[in-house]
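Working notes, beginning with the structure itself.
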Amino acid sequence: MSGPWTLATWNVNSIKMRAPAVAAWIDARRPDLLALQELKLTEDDFPGAEFATRNFRAAIHGQKTYNGVAFLSADALEDVAKGMPEMEDDPQARLIKARRGDVTIINVYVPNGSTVGSDKYAYKMRWLDAFARHLETRHRPDEALVVVGDFNVAPEARDIYDPVAFKDQVLFSEPERAALGRLFDWGLVDLFRRFHEDAGLYSWWDYRAAAFRRKLGARIDLIFATRALADRALRCEIDVEPRRAEKPSDHTPVWAQFA
DNA sequence: ATGGTCGTCTAACGA
């Protein structure tokens, strides 16, 4: 557990369907810790054997059919916590937290929000508010903290294929971006943008309308680190290769390496 | 063309 280590985030859109792809990606890229979203199953149904043979242990916050988040770790995780007290009555499994050495990792699956103005959008905004309060009251911006996951929000215009069309749409509406802004104001850094400036670098493409082939995507799978931890980052990359495979997730992995 | 495609205890939902 000494030396540089790699943390990846991947919305797998059903771990039951994607376990072989995740195992192959572990074999190819050798990450130390994976944060997965959209498991779509309960902890009891998690296909852990495929990862145990690779000496990866799972920490799972699951539910039937929807949502679900997990860590796959080659090293011991401590202080594992599931859900957040700020959304205590919420049955949706969208957050898991753990500590690896001196680094705390929070893995989130932010609600999609459906369409602006819908009940699901209101839930998304309530969830993001609860998450900001969670950080503000239970963490400090000077600790070694990283928040990874599917945020279902593109931070900037260069992070979505048609920012003008999406200006008032879900994934890029003003209130959603303001919710990310609150996290930046608290002290988180969008790690990918410490290493890459270009527009058109996406982590998700809709299955419909040949969006991947047409390069119509968004960067919504994000790695946010406190400044103290961001200064230890050596790289941050999107690996588009898994999105090219047969039967892919609609999201592709994003990873960071830390000293 | 309010379309398209995936995944979910195969029927509409959610993404």
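So that the names make sense, note that chain A is the first sequence line, chain B the second, and so on, each numbered from 1.
Taking the ring centre of A:F172 as origin, the terminal cationic atom of A:R177 falls inside the region bounded by 6.0 Å and 45° from the ring axis.
Taking atom NZ on A:K120 and atom P on B:dA12, their separation rounds to 16 Å, with Å as the unit. As a whole-Å value, the separation of A:L216 CG from B:dG3 P is 19 Å. When the P atom of B:dA15 is taken as reference, atom CD of A:E176 falls 13 Å away, rounded to whole Å. With rounding to whole Å, A:L39 atom CG is found 15 Å from B:dA15 atom C1'. Atom C1' of nucleotide B:dA15 and atom CZ of A:R94 are separated by 10 Å, given to the nearest angstrom. Residue A:D250 contributes atom CG, which lies 12 Å from atom P of B:dT8 at whole-angstrom precision. Atoms CD (A:E38) and P (B:dG14) sit 13 Å apart, rounded to a whole Å. Rounded to whole angstrom, the span from the CZ atom of A:F151 across to the P atom of B:dA15 amounts to 17 Å.
Side chain of A:K64, nearest nucleotide from B:dG7, B:dA15, B:dC9: B:dC9. Candidate nucleotides B:dA15, B:dT5, B:dG4 were compared by shortest atom distance to the side chain of A:Y207, and B:dT5 ranks first. Candidate nucleotides B:dG4, B:dC9, B:dG7 were compared by shortest atom distance to the side chain of A:R208, and B:dG4 ranks first.
Each of A:A210 and A:W204 has a nearest nucleotide on DNA chain B; the 5'-most of these lies closest to A:A210. When the nearest nucleotides of DNA chain B are assigned to A:D206 and A:I15 by heavy-atom distance, the more 5′-ward of the two goes with A:D206.
When the C1' atom is compared between B:dT10 and B:dC6, the two are found 14 Å apart, to the nearest whole Å. Between the C1' atoms of B:dG4 and B:dG14, the separation comes to 15 Å (whole Å). Between the P atoms of B:dC13 and B:dG3, the separation comes to 15 Å (whole Å). Rounded to the nearest Å, the gap between the P atom of B:dC9 and that of B:dA15 is 15 Å.
Among the protein residues, A:R214 comes within range of no part of the nucleic acid, since none of its heavy atoms lies under 4.0 Å from any strand. The residue A:F212 sits apart from the nucleic acid: no heavy atom pair falls under 4.0 Å.
Between B:dC9 and A:T65, a contact under 4.0 Å exists linking OP1 or OP2 to a side-chain N or O. For the pair A:K247 and B:dG7, the criterion of a side-chain N or O lying under 4.0 Å from OP1 or OP2 is met. Neither OP1 nor OP2 of B:dG7 sits under 4.0 Å from any side-chain N or O of A:K16.
A salt bridge links A:R29 with A:D239: the distance from a Lys NZ or Arg NE/NH1/NH2 to an Asp or Glu carboxylate oxygen falls below 4.0 Å. The pair A:K16-A:D45 does not count as a salt bridge, with every side-chain nitrogen at least 4.0 angstrom from each carboxylate oxygen.
When ring centroids are compared, A:Y109 and A:F151 stay outside the 6.0 Å threshold.
Side-chain atoms of A:K124 come within 3.5 Å of backbone N or O of A:N112 as a donor-acceptor pair.
With rounding to the nearest 0.5 Å, the separation of CZ in A:F195 from CD in A:E237 is 8.5 Å.
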